[in-house]
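For clarity, every value in this text was computed on a predicted model and none was experimentally measured. We're numbering straight along the sequence, starting at 1.
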Amino acid sequence: MGSISKAAQRIGLSQPAVSQQISSLESELAVTLFVRRGSSIHLTPDGELLLKMVKPLVEKLEHLDKEFRHQRAEAAEGYVEVAAGGSTILYVLPKYVEEFRHANPRIEVRLHNVTGAEGLVQLRAGLVDFAVGPMLEVPEDLEFRAMLSYEPVVITCLGHPLAQKKALSLADISHYPFILPPRSLSTWRVVDSTFKKLGLSYEVAMEVGGWEAIKKYVELGMGISIISSVGITNAEKLEVIPAGEFFPKRMYGVVLRKESILSPQAQQFVRLLLARNGMASAPFVDGSPPSKPNGVATKN
């Protein structure tokens, strides 16, 4: 163009403003970019080199909006990283994963089988997009969006005396040894606090992780247990006794980092998970108060 005034008009700035920016750039790079020849200016060799380097970047910036929209439209590809406990992966998520994969066959679902504490570590470190599971307490830096809840049930071996009782009491349940998940998980805390509130003692015969393992040992008559109704497939050889009047429901939900920005793929999955309780339209980047069940994300 050969004229600072014409360049200034083209980009909508004043001539002094453009001259000042050129001067500042030359000072920062410690080179001379332009020389004046008569009434026009020309690039120096350093100016030519800088132009060669910058021109592709400027062209990319000019098409940034179009490219962004194009790549964002390709959200049908990619992957989603989800942290969840073994029981959640086995009993709660299958129908959601099946539906999501059917609708998005080119999006890979990566399920991290972890304890609640491990899942929160991964979530905070950005190793997963979100976590799914129950919570007893919601940390200040996270938010819990409720999905659904399940009734607690007492499970025993077939023909167990508890299954014959017409009016079951918590005292009746406390008379038999329990098979429970590890003490670090919420089921143990719930059972312990429930009996202690009524001053009832109880015995733990076994500690084992995972509902499948628990159900197997209960079938063998080695003790009774308390699990969520979602863990019952009707293929077990067990007596299943409703226990909602004694123990709280287990609320499952999506756990997110506050202020996090989910990928389009993760947003699609979260919308699916929350669709059944009317929360799918909630924003994914906000500082709104989380739902507040009482708990810590747990594996069982």
Side-chain angles (χ1 to χ4, degrees), residues 1-83 100-101 103-112 114 118-131 140-143 254-272 282-288:
M1 184 174 288
S3 168
I4 292 180
S5 297
K6 291 180 180 179
Q9 290 176 4
R10 183 175 178 180
I11 61 177
L13 296 175
S14 66
Q15 185 271 332
V18 174
S19 296
Q20 180 60 47
Q21 289 184 13
I22 292 173
S23 177
S24 297
L25 183 58
E26 289 179 328
S27 297
E28 184 176 343
L29 298 177
V31 296
T32 300
L33 300 174
F34 294 91
V35 293
R36 183 172 293 279
R37 295 175 186 169
S39 60
S40 63
I41 63 170
H42 300 270
L43 287 168
T44 65
D46 286 329
E48 293 281 2
L49 176 60
L50 183 61
L51 176 62
K52 180 180 178 181
M53 296 172 61
V54 169
K55 192 173 182 180
L57 301 177
V58 173
E59 290 174 349
K60 285 186 177 181
L61 285 174
E62 289 177 346
H63 298 91
L64 178 62
D65 180 65
K66 182 179 179 180
E67 181 64 20
F68 171 75
R69 294 179 185 279
H70 173 71
Q71 292 199 23
R72 197 171 190 278
E74 295 182 349
E77 298 183 9
Y79 58 88
V80 182
E81 305 269 6
V82 184
F100 182 79
R101 285 282 298 149
N104 304 278
R106 296 165 70 182
I107 298 180
E108 178 186 352
V109 178
R110 301 175 180 175
L111 299 178
H112 297 238
V114 293
E118 291 167 347
L120 297 189
V121 169
Q122 291 189 358
L123 181 60
R124 290 183 172 115
L127 300 177
V128 296
D129 296 299
F130 58 90
E140 287 299 320
D141 61 326
L142 303 176
E143 98 181 76
V254 176
V255 187
L256 301 163
R257 285 172 293 160
K258 286 185 178 178
E259 310 299 335
S260 65
I261 301 176
L262 293 179
S263 69
Q265 296 87 346
Q267 288 187 31
Q268 289 184 57
F269 201 0
V270 170
R271 287 193 184 97
L272 173 63
F284 295 100
V285 184
D286 61 32
S288 59

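Rounding to the nearest 0.5 Å places CZ of Phe34 at 5.0 Å from CD1 of Ile41. Note that the NE2 atom of His42 and the CG atom of Leu33 stand 15.0 Å from one another [nearest 0.5 Å]. Between atom CD of residue Gln267 and atom CG of residue Leu262 there is a gap of 5.5 Å, rounded to the nearest 0.5 Å. Taking CD of Glu108 as the reference point, atom CD of Glu81 lies at 7.5 Å (rounded to 0.5 Å). In this structure, Leu256 CG and Leu123 CG are separated by 7.5 Å, a value rounded to the nearest 0.5 Å. The distance from atom CZ of Arg257 to atom CG of Asp129, rounded to the nearest 0.5 Å, is 8.0 Å.
Among residues two or more places apart in sequence or in another chain, the side-chain hydrogen bond (donor to acceptor under 3.5 Å, both in side chains) test is passed with Gln20 by Ser24. Partners of Arg101 under the salt bridge (Lys or Arg N to Asp or Glu O under 4.0 Å) rule, at least two apart in sequence or in another chain, do not exist in this structure. Annotation: salt bridge (Lys or Arg N to Asp or Glu O under 4.0 Å) contacts of Asp46 (sequence neighbours excluded): none.
A donor-acceptor pair is defined here as one N or O able to donate and one able to accept, closer than 3.5 Å; such a pair exists between the side chain of Lys258 and the backbone of Glu140.
The nearest pair of heavy atoms linking Ala83 to Gly119 is CB-CA, 4.0 Å. Residue Arg124 comes nearest to Asp141 through the heavy atom pair NE-OD2, 2.7 Å, listed as atom of the first residue, atom of the second, then distance.
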Go through the steps to decide whether Arg110 and Val128 satisfy the test side chain to side chain contact (heavy atoms under 4.5 Å, CB included), and finish with yes or no. CA-CA 9 Å; Arg110 301 175 180 175; Val128 296; over 6 Å; no
Begin from the C-alpha positions of Leu50 and Leu25 and carry the test side chain to side chain contact (heavy atoms under 4.5 Å, CB included) through to its verdict. CA-CA 11 Å; Leu50 183 61; Leu25 183 58; 3.9 Å; yes
Check step by step if side chain to side chain contact (heavy atoms under 4.5 Å, CB included) holds for Tyr79 and Gln265. CA-CA 7 Å; Tyr79 58 88; Gln265 296 87 346; over 6 Å; no
Between Thr32 and Glu26, does a side chain to side chain contact (heavy atoms under 4.5 Å, CB included) hold up when you go through it step by step? CA-CA 6 Å; Thr32 300; Glu26 289 179 328; 4.0 Å; yes
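Counting only heavy atoms from C-beta outward, the side chains of His112 and Leu127 never approach each other to under 4.5 Å.
Ring pair Phe130/Phe269 is perpendicular by interplanar angle, where above 60° counts as perpendicular and below 30° as parallel.
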